[in-house]
Protein chains: 2
Amino acid sequence: MLEQIQPTEDPLQMLIDNFKQFFPLSTNEQDEVKRLFTQRIVKRKVFLLQEGEVCRHYYFVVSGCFKMFAIDTNFREHNLQFAAEGDWIADFQSFYNEEPSRLYIEAVEPAIVLQIQHKDLLYLYTNYHKFDRNFRIIIERKLMEYQNRILLNISTNADERYVVFQKQYPQLINRLPSTQIASYLGITSEFLSKIRKKASGKKQ
Amino acid sequence: MLEQIQPTEDPLQMLIDNFKQFFPLSTNEQDEVKRLFTQRIVKRKVFLLQEGEVCRHYYFVVSGCFKMFAIDTNFREHNLQFAAEGDWIADFQSFYNEEPSRLYIEAVEPAIVLQIQHKDLLYLYTNYHKFDRNFRIIIERKLMEYQNRILLNISTNADERYVVFQKQYPQLINRLPSTQIASYLGITSEFLSKIRKKASGKKQ
DNA sequence: TTCAATCCTTAAACTAGTTTAAGGGTATTT
DNA sequence: AAATACCCTTAAACTAGTTTAAGGATTGAA
């Protein structure tokens, strides 16, 4: 497969447009965004963050796809989150507390991100009410997503979690290997195979 | 047991003090808090929210303890969260989108809360940068908590989740019946009994 | 073009967690 | 003081999900 990492639109404009769904940015605020966010091209399998490092940036994904995961004592990966076009990603705990992270962020496809440093984000928060407000809303939405996922994890079996994943992230189903999806769902890829077989049998 | 619902301190002062760990409120902002938050005394087993209702308030818990849960198609409860002194609780999805909730919030102990209406919170957000900022931080912290819980759910077994719960919420272990804790951990209370037996056996 | 790595599936044996049922214990309500 | 609801544990039978192993299919790298 050829690398399709060129977005059709200007990345910074994409970011500015993304803020429009909340409280649109003034010209001045847009200029600050242009000044403080840096574009970065990321090849497949490159890490934006590795365990033990401090998460220095907050990332807006322009194109491509990332996974954020932890590795347990048996060297198994557990996917906490995927992030594709229009998503934000960072390990908050590490980013805000400036402490070493337990997580990895890795490109599963060639990608483009816009990144902002901790101190620059704090500058935006301090000097512009709107960034505090917009990021409050971005984080609230992520919180709802996480809350729904927790509810799903404690109340349903793997079959149902897979069905919900298919409905919720149809664009990711075909982009990600099923090992990665299994890891996100909290099951083994062998068991996901069983689930898929059972499900395809039912339909036909 | 007698009802111990009288906090030692003035509830509104507790709330104002709570904000101090973030960005302390000015006198003017404190006055707005006093004007817009209402105290409410809640008896055990009383609901602040029931499925189908819109979540009209955001609650700060002054004393007592709540559980937020969903009921599945088999009429089983699944605890999404507990909230004790100093915690904030609401169903965000319902509160911000003003749509019917799928959740219940119920007092598991007699409690006192301070509640604010949606429109009044929006008023604070709009007119005072600091409330947007402080609530951004409150929500970020909740997000980290949820993220850790998801990681735990997808990467460990019930034994380990119980150990982590004990460490993380030592004050709740003795206040909540173990049926409620099992529901939070995503297991049956019968299985939690097994875990406890195994764990107590190991220690002696 | 070949080699190595990762991916996907299957199956058999195993283990973690559920279900159903039952009994005794403790609060809470009347 | 009695009645009721809820709580906690145990155990036996069951089911969901894991482990180990193996083989073929794709993909990426050299």
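Per chain, numbering begins at 1; letters A, B, ... match sequence-line order. This structure is a prediction, so every number in the text was calculated from the model and none was measured.
Nearest to the side chain of A:Ser193, among C:dC8, D:dT18, C:dT18, sits C:dC8. For A:Arg44, whose side chain is taken as the heavy atoms from C-beta onward, the closest listed nucleotide among D:dA16, C:dA11, D:dG28 is D:dG28. Looking at the side chain of A:Asn157, the nearest of the listed nucleotides C:dT10, D:dC6, D:dG17 is D:dG17. Nearest to the side chain of A:Asp159, among D:dA11, C:dT10, D:dG17, sits D:dG17. Comparing C:dT20, D:dG17, C:dT28 by their nearest atom to the side chain of B:Glu190 picks out C:dT20. Listed nucleotides: C:dG17, C:dT6, D:dT10. Nearest to the side chain of A:Lys45: C:dT6.
The distance between atom CG of B:Asp72 and atom P of C:dT18, rounded to the nearest whole Å, is 13 Å. B:Glu106 places its CD atom 10 Å from the P atom of D:dC6, with the value rounded to the nearest Å. Between B:Glu109 atom CD and C:dA27 atom P the separation is 15 Å, expressed in whole Å. With rounding to whole Å, B:Arg161 atom CZ is found 13 Å from C:dA16 atom P. In this structure, B:Tyr162 places its OH atom 12 Å from C1' of D:dC8, rounding to the nearest Å. Across the protein-nucleic acid pair, A:Phe191 atom CZ and D:dT15 atom C1' stand 10 Å apart, rounded to whole Å. Rounded to whole angstrom, the span from the CD1 atom of A:Ile187 across to the P atom of D:dA16 amounts to 13 Å. Atom CG of B:Asn153 and atom P of C:dA16 are 18 Å apart (whole Å).
The distance from atom CE of A:Met144 to atom CD of B:Gln93, rounded to the nearest 0.5 Å, is 6.0 Å.
Listed by chain and number, the residues in a ring-ring contact (aromatic ring centres under 6.0 Å, His included) with A:Tyr59 are A:His57 (sequence neighbours excluded).
Phosphate contact (OP1/OP2 of D:dT19, side-chain N/O of A:Arg76, threshold under 4.0 Å): present. Dashed line: the shortest gap from a side-chain N or O of A:Thr188 to OP1 or OP2 of D:dG17 is not under 4.0 Å.
Remark: side-chain polar atoms of B:Glu106 are not paired, donor with acceptor, to backbone N or O of B:Lys67 under 3.5 angstrom. A distance-only check finds a donor-acceptor pair linking the side chain of B:Asp72 to the backbone of B:Asn74 [under 3.5 Å]. In this structure, A:Ser94 contributes its side chain and A:Asp91 its backbone to no donor-acceptor pair below 3.5 Å.
Taking the ring centre of B:Tyr123 as origin, the terminal cationic atom of B:Arg35 falls inside the region bounded by 6.0 Å and 45° from the ring axis. For the pair B:Arg56 and B:Phe95, the cation does not sit on the ring face, since its NZ or CZ is not both under 6.0 Å from the ring centre and inside 45° of the axis. Judged by the 6.0 Å distance and 45° axis criteria, B:Arg133 is positioned over the aromatic ring of B:Phe23. For the pair B:Arg149 and A:Tyr146, the cation-pi test (distance below 6.0 Å, angle within 45°) is failed.
Taken over five-pair windows at either terminus, the axes of the helix from C:dT1-D:dA30 to C:dA22-D:dT9 are inclined to one another by 50° (rounded to 10 degrees).
For a distance-only test at 3.5 Å, the side chain of B:Lys194 qualifies as a donor-acceptor partner of the base of C:dT18.
Of the residues in residues 169-185 of chain A, those with a non-hydrogen atom less than 4.0 angstrom from any atom of DNA chain C are A:Pro177, A:Ser178, A:Thr179.
A salt bridge is defined here as a Lys NZ or Arg NE, NH1 or NH2 lying under 4.0 Å from an Asp or Glu carboxylate O, and B:Lys130 with B:Glu29 meets this definition.
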